[in-house]
Number of protein chains: 2
Amino acid sequence: MNTDSPSCLVQKLSHYVALDEHSLDSISRLERDERDFSKNDEIYQGGDENTYLYVVKRGWLYSYADMKDGRRQITEIHHPGDIVGFPDIAFDQRTSVLRAAEDVRLCPFPKKDLDEVFSQAPQLAALLFALSVRNQVILTDFLRAVGRMSARERIAYLLLDLRSRLRIANKSMTTTFRLPLNQTEISDVLGLTNVYVSRSFAALEKDGMIRRSNGHVEILEEEKLAKICDFVDRHVGLDTSWFPPSNG
Amino acid sequence: MNTDSPSCLVQKLSHYVALDEHSLDSISRLERDERDFSKNDEIYQGGDENTYLYVVKRGWLYSYADMKDGRRQITEIHHPGDIVGFPDIAFDQRTSVLRAAEDVRLCPFPKKDLDEVFSQAPQLAALLFALSVRNQVILTDFLRAVGRMSARERIAYLLLDLRSRLRIANKSMTTTFRLPLNQTEISDVLGLTNVYVSRSFAALEKDGMIRRSNGHVEILEEEKLAKICDFVDRHVGLDTSWFPPSNG
DNA sequence: CGGAACCTTGACGCGTCTCAAATCCAGTGG
DNA sequence: CCACTGGATTTGAGACGCGTCAAGGTTCCG
């Protein structure tokens with residue numbers, strides 16, 4: 001049972017639109033169950049049957065895909081309030097692996113529950129749709145980073161993007177945040193090696209753009225960082241003008 | 001007016017699910033208008049107001065994002081039957097530029113028309129949702145290619161991906177297809193330079209994996225190509241089991 | 001105090017980029 | 001039917017960013 005403080009999913013979704021009654025009903029149904037996983041647990045694997053999605057209640061996770069020879073690409077980082085698994089709902093098998101970057105708590109819910117969302121809660125359906133396609137834009141920005149930026153620029157991009165995302169859920173956040181990913185994981189996000197992540201991180205720090213200490217990062221020169229990677233914050237706003245009228 | 005043969009959007013969507021009456025109604029409303037554009041026309045720019053989406057009737061287009069210093073990343077290639085612009089519906093401004101790779105015909109429709117889809121045609125809403133999140137998986141595969149593969153492997157990946165996509169709309173397709181993109185464009189898709197695309201293309205051809213002639217590509221060794229880039233075809237199937245019951 | 005995981009540093013190699021020139025090719029006009 | 005043209009592709013030479021491999025340091029925890 002969900003005994004936590006007000007659901008962080010509701011909190012995140014309410015950031016964008018006033019949820020009507022049908023939407024709130026549907027959400028609470030998605031958060032009935034809870035399950036804990038430990039750091040480095042793999043919640044599912046590519047090829048697994050694909051019947052559940054997960055709301056993240058606590059902790060960071062990431063999705064990755066790897067090649068037979070071991071090369072790995074992390075394709076998404078998941079934070080509390082995120083729904084994990086949407087990209088796979090179009091398939092009956094998993095297309096990626098979900099792994100806990102630290103100890104986490106998840107709310108699994110069956111994918112089949114979505115039919116009710118579409119037929120009973122069109123507002124929520126539209127919102128989930130909007131967030132899902134927005135993710136595509138964010139992924140697209142990342143593709144540009146990986147395809148066209150130097151190592152330094154990619155790290156700058158990642159840090160600014162993480163900060164923007166975390167700020168949605170935690171408005172009081174300052175310029176410092178916790179980064180529970182090791183450099184090998186970061187390198188797999190950015191298409192680099194752990195060694196070069198280390199060097200580039202050190203270079204950014206030496207230039208006074210950032211500061212690091214025990215798992216935390218501080219953004220010192222936000223504007224300079226944003227400039228070297230053409231950063232645009234995609235997380236703040238959402239155009240809801242085309243949503244169906246709310247019928248709560 | 002749409003005087004063409006049966007809409008290729010209907011054709012593509014029907015590939016995945018039997019469309020009910022509400023869905024067909026909604027689709028025909030999306031295809032009321034037609035407009036032609038010439039090769040290299042930019043249909044919209046990043047930052048433009050964002051009120052229309054487009055159904056592609058004829059020709060290839062692509063979306064790209066560029067950095068201030070001119071580096072460019074093509075983020076999606078659009079074919080007939082595709083709907084262009086979904087990723088942007090969450091924003092009120094364009095996040096990318098849409099350019100015609102050759103002469104094209106589009107059906108623009110207002111984004112606002114989608115509210116009716118969500119409230120009146122839940123089946124179509126679910127289908128569009130599914131296709132949209134599937135795109136995210138496809139983009140994710142691409143990210144892995146750009147982040148973790150060599151130039152040869154990336155080209156192999158692109159060719160196989162294009163072939164799979166084109167085969168959906170044209171089932172009679174053989175191993176040869178038309179590729180109306182120049183090598184600079186291909187390099188901007190794959191995060192390479194035009195020079196290195198030329199070299200890698202030539203290498204694949206020399207190894208007997210492909211053959212090229214006047215704007216066409218032939219896949220000679222499909223299995224070898226698939227092996228070097230761990231290719232998985234994401235375009236064939238779609239899990240529709242979670243869709244709301246059709247009420248046509 | 002010992003060990004494991006992680007980060008840092010150095011030396012070297014390689015894949016891709018850069019720049020530039022040459023060649024090919026389709027379309028155009030004479 | 002052929003010269004002309006501009007875009008696209010190919011080819012070469014040299015430079016450089018990042019990868020690879022390996023050793024050494026650091027931090028944390030039992």
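Each chain gets a letter, A, B and so on, in the order the sequences are listed, and its residues count up from 1. All values derive from a computational prediction rather than experimental measurement.
In this structure, Leu179(A) atom CG and dC6(C) atom C1' are separated by 14 Å, rounded to whole Å. Residue Lys206(A) contributes atom NZ, which lies 11 Å from atom P of dT9(C) at whole-angstrom precision. For the pair Arg199(A) CZ and dT8(C) P, the computed distance is 11 Å after rounding to whole Å. Separating the OH atom of Tyr196(B) from the P atom of dG15(C) is a distance of 7 Å, rounded to the nearest angstrom. Across the protein-nucleic acid pair, Asn214(A) atom CG and dC6(C) atom P stand 16 Å apart, rounded to whole Å. In this structure, Asn194(A) places its CG atom 15 Å from P of dA5(C), rounding to the nearest Å. Distance Asn182(B) CG to dA26(C) P: 15 Å, rounded to the nearest Å. Between Gln183(A) atom CD and dT8(C) atom C1' the separation is 8 Å, expressed in whole Å.
Gln45(A) meets the side chain to side chain donor-acceptor pair (under 3.5 Å) test with Glu42(A); sequence neighbours excluded.
A side-chain donor-acceptor contact under 3.5 Å links Glu185(B) and Tyr62(B).
Distances shorter than 4.0 Å separate some side-chain N or O of Arg212(A) from OP1 or OP2 on dT8(C). The side chain of Ser198(A) places an N or O atom within less than 4.0 Å of a non-bridging phosphate oxygen (OP1 or OP2) of dT8(C).
Counting heavy-atom neighbours within 6.0 Å of Arg178(A) CZ, excluding the residue itself, gives a total above 12. The number of heavy-atom neighbours closer than 6.0 Å to CZ of Arg211(A), taken from other residues, nucleotides and ligands shown, is 12 or below. More than 12 heavy atoms of other residues, nucleotides or ligands sit less than 6.0 Å from atom OH of Tyr64(B).
When DNA chain D is scanned 5' to 3' for any atom under 4.0 Å from a heavy atom of chain B, the first and last hits are dA8(D) to dA13(D).
Residue whose closest nucleotide on DNA chain D sits further toward the 5' end, between Ser200(A) and Val197(B): Val197(B). Between Ser150(B) and Asn40(A), the residue anchored closer to the 5' end of DNA chain C is Asn40(A), taking for each the nucleotide with the nearest heavy atom. Take the nearest nucleotide of DNA chain D for Ala151(A) and for Lys39(B): the residue whose nucleotide is more 5' is Lys39(B).
Contact annotation for Val195(B): base contact, defined as any heavy-atom pair under 4.0 Å involving a base atom. Contact annotation for Arg71(A): no contact, since no heavy-atom pair falls under 4.0 Å across all strands. Residue contacts for Gly191(B): at a heavy-atom cut-off of 4.0 Å it reaches the sugar-phosphate backbone alone, with no base atom in range. Counting non-hydrogen atoms under 4.0 angstrom, Arg152(A) reaches nothing in the nucleic acid.
Within the 4.5 Å cutoff, the side chain of Leu204(A) has heavy atoms near those of the Met209(A) side chain.
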Item to check | Residue pair Asp88(A), Thr95(A): steps toward the side chain to side chain donor-acceptor pair (under 3.5 Å) verdict | outcome: CA-CA 6 Å; Asp88(A) 284 353; Thr95(A) 63; 2.5 Å; yes
